[in-house]
Amino acid sequence: MRITIHDDFDLDKIIGCGQCFRPRRLADGTYLFPSAGRALRLRSLGAGEYEADCRTDEWDAVWARYFDLSRDYAALRAAIPPDEPFLREAAACGAGLRVLRQDPWETLVSFILSQRKSIPAIRGCVEQLCRAFGEPLEGGLFAFPAPERLAQAAPEALRACSLGYRADYVRDAAERVSLGALDLAALETAGDETLMAALLSVRGVGVKVANCTALFAYGRASCAPVDVWIRRIIDRRCGGENPFCRFGGCAGILQQYCFYYALQEKQALRD
DNA sequence: GTCCAGGATCGGA
DNA sequence: TCCGATCATGGA
């Protein structure tokens, strides 16, 4: 199907801003988004027109929500006050990115794996997990493995996916989700505090990983994860004071603009 | 060989 | 409550 998306939509920034680890750009320029046992192929036709390999009803029911299309990011950027020059700069740089609503299980596991790993290393880990334990989809793709599958996995098989000491954390999370002790679907309608408490009850999940899951899977835009990159920004560019606290319900979106901005600065240093 | 990566846990002060 | 050591692994 062909769809029109307003111009505040940049696929390179969406897949490159550090929020997701499997979506990617294929050699032919098509963008691939695997999520929750499906996969979307999206190709830009220019001028805000896109070709998507799904039906209109699937787009409306699944992907519009996934891409957070109901939120007005331009208005959000415009509302950053002039006395926040760094935030305005970062938001201008990241204009077009959108904070995805990803599958909670995949997001939780991916960010459990993220601790003390580089983004390319996380990508590699997640990919290995999918190939080793995920159900095959069309086109040589693999779905992210179900919790039941990971709960049954042999410890050495998990470690073979470069999980390192995080293998025990993943196994613990898989057991709790597959047994129903942690109901990720039910948490969709929970309040922020309830959601955070549930996520923090998982071994290997601290405040940062819980915030990432709340923001990138549950759309809790008030959650703004503070990692080493954001910490650096707060210390060096914001006088040591966390600026996201001042923005309540959209703190997480601004945080993501800043994270993307930091990635771009690092990239620029290499070039 | 050394250092660091979207951190979390644990024990001891 | 706070601080430091430690946790596998891969890439620069």
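Proteins come first, then strands; the chains are lettered A, B, ... in the order of their sequence lines, and each starts at number 1.
Contacts of A:Phe216 with the nucleic acid, taken as non-hydrogen atoms under 4.0 Å apart, include base atoms. Residue A:Gly206 is in sugar-phosphate contact alone, with no base atom involved, counting any heavy-atom pair closer than 4.0 Å across all strands shown. Within 4.0 Å (heavy atoms only), A:Gln255 reaches at least one base atom of the nucleic acid. Residue contacts for A:Arg123: at a heavy-atom cut-off of 4.0 Å it reaches no nucleic acid atom on any strand shown. At a threshold of 4.0 angstrom between heavy atoms, the contacts of A:Cys17 include nucleobase atoms, whether or not backbone atoms are also involved. In this structure, A:Phe259 reaches the bases: a heavy-atom distance under 4.0 Å links it to at least one base atom across the strands shown. Nucleic acid contact for A:Ile112: none, since no nucleic acid atom lies under 4.0 Å from a heavy atom of the residue.
At whole-Å resolution of the value, CZ in A:Arg116 and P in B:dG6 are 11 Å apart. Counting to the nearest Å, the C1' atom of B:dG6 and the CD atom of A:Gln19 are 12 Å from each other. To the nearest angstrom, C1' of B:dA5 lies 14 Å from CZ of A:Phe111. Remark: P of B:dG6 and OH of A:Tyr260 are 16 Å apart, rounded to the nearest angstrom. For the pair A:Asn211 CG and B:dG7 P, the computed distance is 13 Å after rounding to whole Å. One atom, NZ of A:Lys266, and another, P of B:dC4, lie 12 Å apart when rounded to the nearest Å. Atom P of nucleotide B:dA8 and atom CG of A:Leu199 are separated by 12 Å, given to the nearest angstrom. When the C1' atom of B:dA5 is taken as reference, atom CD1 of A:Ile122 falls 8 Å away, rounded to whole Å.
Here A:Arg203 reaches the OP1 or OP2 of B:dC10: one of its side-chain N or O atoms lies under 4.0 Å away.
Atom name P, nucleotides B:dG6 and C:dA5: the rounded distance is 23 Å, in whole Å.
The closest donor-acceptor contact from the side chain of A:Arg65 to the backbone of A:Leu100 lies at 3.5 Å or more, if one exists at all. Remark: the backbone N or O of A:Val207 is paired with a side-chain donor or acceptor of A:Asn211 at under 3.5 angstrom. In this structure a side-chain-to-backbone donor-acceptor pair under 3.5 Å is present from A:Trp105 to A:Pro145. Between the side chain of A:Asp53 and the main chain of A:Arg41, a donor-acceptor pair closer than 3.5 Å is present.
The outermost nucleotides of DNA chain C lying under 4.0 Å from heavy atoms of chain A, listed 5' to 3', are C:dC7 to C:dG10.
Checked for salt-bridge contact, A:Arg220 and A:Glu188 miss the test: no charged N lies under 4.0 Å from a carboxylate O.
Residues in residues 180-211 of chain A take part in no ring pair (Phe, Tyr, Trp, His ring centres under 6.0 Å) pair, two or more places apart or across chains.
For A:Tyr165 against B:dG7, a side-chain N or O and a base N or O form a donor-acceptor pair under 3.5 Å.
When the nucleotides B:dG6, B:dA8, B:dA5 are ranked by their closest atom to the side chain of A:Val209, B:dA8 comes out on top.
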Determine, stepwise, if the pair A:Gln115 / A:Tyr165 fulfils side-chain hydrogen bond (donor to acceptor under 3.5 Å, both in side chains). CA-CA 10 Å; A:Gln115 58 179 270; A:Tyr165 64 91; 3.1 Å; yes
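Cluster partners of A:Leu179: none. The rule joins Ile, Leu, Val, Met, Phe, Trp and Tyr whenever side-chain heavy atoms lie under 4.5 Å apart, and it links nothing here.
Map A:Lys117 and A:Val205 each onto its nearest nucleotide of DNA chain B; the residue landing nearer the 5' end is A:Lys117. Residue order along DNA chain B, read from the 5' end via each residue's closest nucleotide, puts A:Pro225 first among A:Tyr169 and A:Pro225.
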